[in-house]
Amino acid sequence: MVNTLIGDLGHYSVIIAFVTALVSSFSFSFAANANPLDGEQLAWKKLARGAFFLHVLAVFSVIFCLFNIIYEHRYEYHYAWSHSSNHLPVHYMISCFWEGQEGSFLLWIFWHALLGLVLIKYAGKKWESPVMAVFSFVQLFLTSMILGVVIGDLKIGSSPFILMRDFMTDAPVFQMDPNFVPKDGTGLNPLLQNYWMVIHPPVLFLGFAATLVPFAFAIAGLWRKDYSSWTKPALPWGLFAAVVLGLGIMMGAYWAYETLNFGGYWNWDPVENAVYIPWLVLVGAIHTLLAYRKSRTALRATFILFITSFLLVLYATFLTRSGILGNASVHSFTDLGLSGQLFTYLAAFFVLAIGLLVVRWKNIPATEKEIATYSGEFWVFVGAAVLCLGAFQVLVTTSIPVYNAFMGFIGVKTNVALPADQIAHYTKFQMWMGIAIAILSGTGQLLWWRKQNSGSKLSEVFMLPLIFTALFSALILLVSKMGYIERIDNPVYILLLVTSLYAVFSNLAIILGVLRKNVSIAGGAVAHIGVALMLIGVLFSSGYSNIISTNMSGMVYAREFGDEINRDNVLLWRNAATDMGPYKVTYKGQFLEVDGLPEYVNKQRLFRIEDEYKAIARYPLKDGDKVVYTAGDTVEIAPENTYYEVEFKNRETNEVFTLYPRAQVNPQMGLLASPDIKMFGTKDLYTHVSTVPDFNEEKEWGELKEYRVKIGDTLFLNDYVAVLHGIEPAKDTLLLNLKPGDVAVQANMQVLGERNKYHAHPIYAIRDRMVGRVPEEIEDLGLRIMLLDIYPDQGEFTIGINTTQKDYIILKAMEKPFISVLWIGTIVMCLGFVMAIVRHTKNGKGGNSSQPKGPAGKVTVKREKQLA
C-alpha cells in the first residue's frame with residue numbers, strides 16, 4: 001500500500017522551511033537597517049526570530065520524514081528505493097540519508113539551522129540581525145534545492161519525497177499498477193558501507209556550514225560599515241570552521257585509505273580538491289586576521305579571503321553536484337537537472353559579496369606603515385599568500401572541465417584535458433608549497449616569540465631550533481643510508497624533511513617557552529607542529545611506499561589484467577605458502593560475516609540456502625569457548641562481502657598474523673576490493689585483492705569419476721585421501737523441505753588435505769518418489785563429492801567425484817612507512833586549533849560592542865600576547 005502521508009508531510013515541511021527562511025531573511029535585514037530607538041528594530045527582530053525558529057522546526061520535520069521512509073523501507077518513494085535495502089543495518093541507513101544529493105543538501109541545511117540558533121543566542125545585539133540576515137538568505141537558497149516544485153518548464157529543486165510512479169512514469173509496472181511497491185531497494189553503494197561514511201559526511205558538512213559564519217560576519221561588517229570590530233567574534237568561528245573542515249577532509253582521507261584499493265589516502269580527485277581548496281584559503285584568512293588583530297595590517301586581505309573561502313565552498317557544491325565533472329571524478333553526484341539553479345546560487349552570492357566589497361573597498365582601513373621583514377606579522381602574511389597560491393594551482397587544474405563546458409556554452413569547442421598523471425602534476429607544485437609553509441610556520445612563530453621577549457637577539461631565538469633540526473636531519477639521513485629506514489636520496493624530499501623538522505623544533509621551542517607563562521596561548525604552535533608532522537607522514541608514506549608483492553614467478557597471470565596486476569601482485573593458491581617480501585604468505589579461504597559472532601566464519605562451515613541472507617551452520621559456531629550456534633541452526637549472514645583469510649609469517653622473526661582483505665563482485669561495478677591493514681610501529685602493511693574467481697561464472701568441473709565403496713573404505717582422489725565413515729540421516733531438513741514419506745540420508749566422509757581434515761556430507765534424497773542429490777563442495781581442495789547410489793543389499797554405495805581448479809586470489813601488498821605520523825599530526829593539528837578556539841573565545845567575550853575609540857575617533861587596540 002502506497003503511504004503518501006509521510007511524503008506529503010515532508011514536502012509541506014520543505015515548503016514551510018523555504019517560506020520561513022525567506023521571511024526570516026527579509027525581517028533580519030529590516031531589523032539591521034531599522035532605527036533601534038523607535039522600537040521598529042525590536043519588532044522586526046521578533047518576527048525574524050520567530051520565523052527562523054519555525055524554519056528550524058520545519059527542517060527537523062523534513063529530516064524525520066526522510067529518515068522514516070528509509071528506516072521503514074517505504075520503497076514507494078524513489079529516494080528510499082535507490083539508496084536503501086531491507087538488509088542494511090541501522091547505521092548504514094543513516095549513511096543512506098546523505099548518499100543522495102537531496103539528503104546531502106538537507107544535512108547542510110540542518111547544520112546551518114543549528115549554527116543559526118547558536119548565533120541568535122551568542123552573536124550579540126549588534127551583530128545578530130545582519131549576520132542572521134545573511135544566514136537566512138543562504139538557507140533560502142539551500143532549501144530551494146530540495147523544494148521539488150515545477151512551474152511550467154521551470155524546475156526548482158529536487159524533492160526527496162517523489163514517488164516511484166512519478167519518477168518512473170514510463171515504467172510498464174506502474175502503468176499496469178500505479179500502487180505497485182517494490183519489495184526491496186537497490187541498496188547502498190558498497191563503497192559507502194563503512195563506519196567512516198557514517199561520521200565523515202556530517203563532520204565535513206559541519207565544516208561547510210561553519211565557513212558561513214565568518215563570511216556572514218565579514219558581510220555584516222561591510223554592510224554596517226564597521227570594518228574592524230567584526231573580526232573579534234569572527235576569529236573563533238573561523239578557527240572552528242578550519243578545524244572541523246580539516247578534520248572532515250582527513251576523515252575522508254582515512255576512509256579512502258581503509259576502504260578503497262588505490263593504495264593511498266589522497267588521489268587528487270576533483271571532489272577531494274574541491275574541499276581542499278576552500279580549506280587552504282580559510283586557513284590563510286585566519287592568518288591574515290591574526291595579523292590584523294596584532295598590528296592593524298591586512299584587513300582588506302582578511303575580507304577577501306573569508307569571502308573567497310565561502311564562495312569556494314559554493315563553487316565546490318557546483319562542481320560536485322552539477323554533473324559538470326562527468327567522468328573526471330569517481331565520487332561526484334550525477335546531474336539532477338539543477339545545474340542552472342546551482343549556477344544561479346553561486347552567481348548570486350558572488351555578485352552580492354564581491355559587489356559589496358568593491359563598493360566599500362575605499363572605506364576599509366589600510367595601514368600605510370611598512371612591516372619589517374623580521375616581524376612575525378610579515379611572515380604570517382607571506383604564509384597566507386603561499387596557502388592561497390597553492391589553492392589557486394589546484395583550482396586552475398580542477399576547473400578544466402568547467403572551462404571546457406563554458407567554452408562550449410558560448411560556441412567555442414575546446415578539449416583541454418586533465419593531466420594524465422594527476423598525482424604527479426599536483427604533487428610537483430604542492431610539495432614546494434609544503435616546504436614553504438614549513439619554513440614560514442617556524443620562522444613566523446620564532447619572530448613572534450622574539451617580539452614578546454623584547455631584547456632577544458635573532459641568533460638566540462633561532463639557535464636551538466636550527467641546531468636540533470641539523471642534528472635530527474643528519475641522524476635520519478644517516479639511519480636511512482644504513483638501511484634501517486627507507487633511503488632518502490631525493491634532494492626535494494630531503495629539503496621537505498629538513499624544513500618540516502625545523503617547523504617542529506621552532507614551534508616546540510615556543511611551547512616550552514610559554515609553559516612558564518600560559519600554555520593556553522600555545523594553540524598556534526601546537527597546530528603548526530601538527531601540520532609539520534603531517535608533512536613528514538606524507539613524505540614517507542607516499543614518497544617511499546614499497547610494493548612487496550612483486551611477481552617473481554615470471555608468469556603472466558592474464559593479458560587482459562594489464563601490466564600493473566601482472567607485475568605488482570602475487571598469485572596465491574589456497575593453502576599453498578608463497579614467498580612475498582620478508583613473509584611466507586598463505587591464502588586460507590573465504591569467510592563471511594555472521595550475525596552475533598565477532599569474528600568471520602569460514603564458508604566451509606556454512607550451508608547456503610535459497611535465501612542469500614541466511615545459511616545453515618554445518619558445525620557449532622563459537623565466540624571463544626561459548627557456542628553461539630549449534631549444527632543445523634539457521635544464521636543471518638552478510639552475503640555481499642567476502643573476506644579472504646591471508647596468513648603472514650615473517651621468515652626472520654617467525655611472527656604470525658592474519659589479514660582479511662574484503663572484496664565483492666558487484667554486477668554493476670565489477671570487483672570492489674577493500675584493503676586490510678596491519679599496523680606496526682614504523683609502517684603499515686597494506687593489502688588488498690586485485691583479482692578473485694568470478695562468482696557469477698559457472699565452475700568448470702572435470703569428468704565425473706565413480707567409486708563403488710563400503711563403509712570404512714578409503715578412496716584415493718588425486719593428491720588426497722578420503723574415507724567413508726558411514727551413512728546417517730540428513731541433517732539439513734530445512735534445505736531439503738522434506739514431507740511425510742520422504743527420506744534423505746547423507747554420507748559421513750573425511751577428506752585429508754595438505755594441511756587440514758575436511759568433513760563432507762553429500763546427500764541422497766527421495767522426495768515425491770523422485771531421487772535427488774545434493775553434492776558437497778570442498779573449495780579448499782577443488783573437489784565436489786556426490787552420493788550417487790545406494791545398494792542396501794550389498795552394503796555398498798557409489799561415490800562420484802569431480803575436480804576443478806583450486807581456489808585462488810591475486811594479492812597486492814605494500815608497506816607504508818611512518819604513515820602513523822600523518823594521523824598523529826592530524827590529531828595534534830586539531831588539538832592546536834581547539835586550544836586557539838578556547839583562547840580566542842575567552843578574548844572575544846564582550847566582543848559584541850565595537851572596540852574602544854581613542855582621540856580623533858581612531859580605534860585603539862590592546863595588543864594581545866597570543867600566538868599566530
Side-chain angles (χ1 to χ4, degrees), residues 574-575 588-592 594 601-610 614-622 627-635 637 699 701-702 704-739 741-767 770-804 806-807:
R574 189 183 286 200
N575 292 324
K588 291 197 164 185
Q590 301 174 19
F591 286 68
L592 293 174
V594 174
V601 175
N602 195 316
K603 276 187 176 181
Q604 296 289 129
R605 304 182 68 83
L606 301 170
F607 198 103
R608 305 292 292 276
I609 59 178
E610 186 175 359
K614 294 182 180 179
I616 297 172
R618 293 182 182 275
Y619 310 95
L621 302 180
K622 299 180 179 180
V627 176
V628 180
Y629 299 104
T630 59
D633 285 349
T634 301
V635 299
I637 63 173
K699 289 184 179 178
W701 293 97
L704 180 68
K705 294 184 179 179
E706 298 183 6
Y707 300 85
R708 190 153 176 166
V709 296
K710 295 182 178 181
I711 293 175
D713 282 358
T714 298
L715 290 77
F716 294 95
L717 313 174
N718 293 338
D719 299 329
Y720 311 114
V721 175
V723 179
L724 176 64
H725 287 301
I727 301 293
E728 57 194 27
K731 296 179 181 178
D732 296 317
T733 54
L734 181 63
L735 172 70
L736 297 170
N737 194 23
L738 298 177
K739 300 176 181 178
D742 296 341
V743 64
V745 295
Q746 64 185 25
N748 179 7
M749 300 184 66
Q750 187 179 66
V751 182
L752 305 179
E754 299 101 327
R755 300 173 182 274
N756 298 311
K757 297 178 181 178
Y758 300 88
H759 294 278
H761 300 95
I763 296 173
Y764 183 95
I766 301 176
R767 190 173 62 185
M770 297 181 66
V771 173
R773 302 172 181 86
V774 180
E776 175 79 72
E777 183 178 338
I778 304 177
E779 293 181 344
D780 279 13
L781 309 179
L783 295 178
R784 184 171 66 181
I785 304 174
M786 299 179 68
L787 179 55
L788 296 176
D789 284 304
I790 300 176
Y791 306 97
D793 294 338
Q794 292 89 1
E796 295 181 343
F797 311 90
T798 301
I799 302 295
I801 305 292
N802 294 97
T803 60
T804 189
K806 287 178 62 174
D807 187 24

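Predicted, not measured: the structure shown is a model, and the values here were computed from it.
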**Study point:** Nearest-0.5 Å distance, CG of residue L783 to NZ of residue K806
**Key:**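 Taking CG in L783 and NZ in K806, the distance rounds to 9.5 Å.
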Check your understanding: What distance do W701 atom CH2 and I801 atom CD1 have between them, rounded to the nearest 0.5 Å?
Key -> 10.0 Å
Exercise for review: Indicate the atoms forming the closest heavy-atom contact of L724 with K710, along with that distance.
Suggested key: CD2-O, 3.8 Å
Practice item. Grab the two heavy atoms, one from A747 and one from L787, that are nearest each other, plus how far apart they are. Key: N-CD2, 4.1 Å
Is any side-chain heavy atom of [X] closer than 4.5 Å to a side-chain heavy atom of [Y]?
X	Y	value
V628	L621	no
I637	R608	yes
V594	Y629	yes
L704	N802	yes

Review point. Is a side-chain donor-acceptor pair under 3.5 Å present for Q590 with K603?
Key: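 On atom types as modelled, these side chains qualify, holding a pair under 3.5 Å.
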Check your understanding: So, the side chain of E776 versus the backbone of H761: is there a donor-acceptor pair under 3.5 Å, distance only?
Key ->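 Checked: pair present.
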Check your understanding: Do the side chain of N602 and the main chain of F591 share a donor and acceptor less than 3.5 angstrom apart?
Key -> no
Point to revise | salt bridge (Lys or Arg N to Asp or Glu O under 4.0 Å): pairs with one or both residues in residues 782-803, sequence neighbours excluded | key: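 Qualifying pairs, neighbours excluded: R708-E796, R773-D789.
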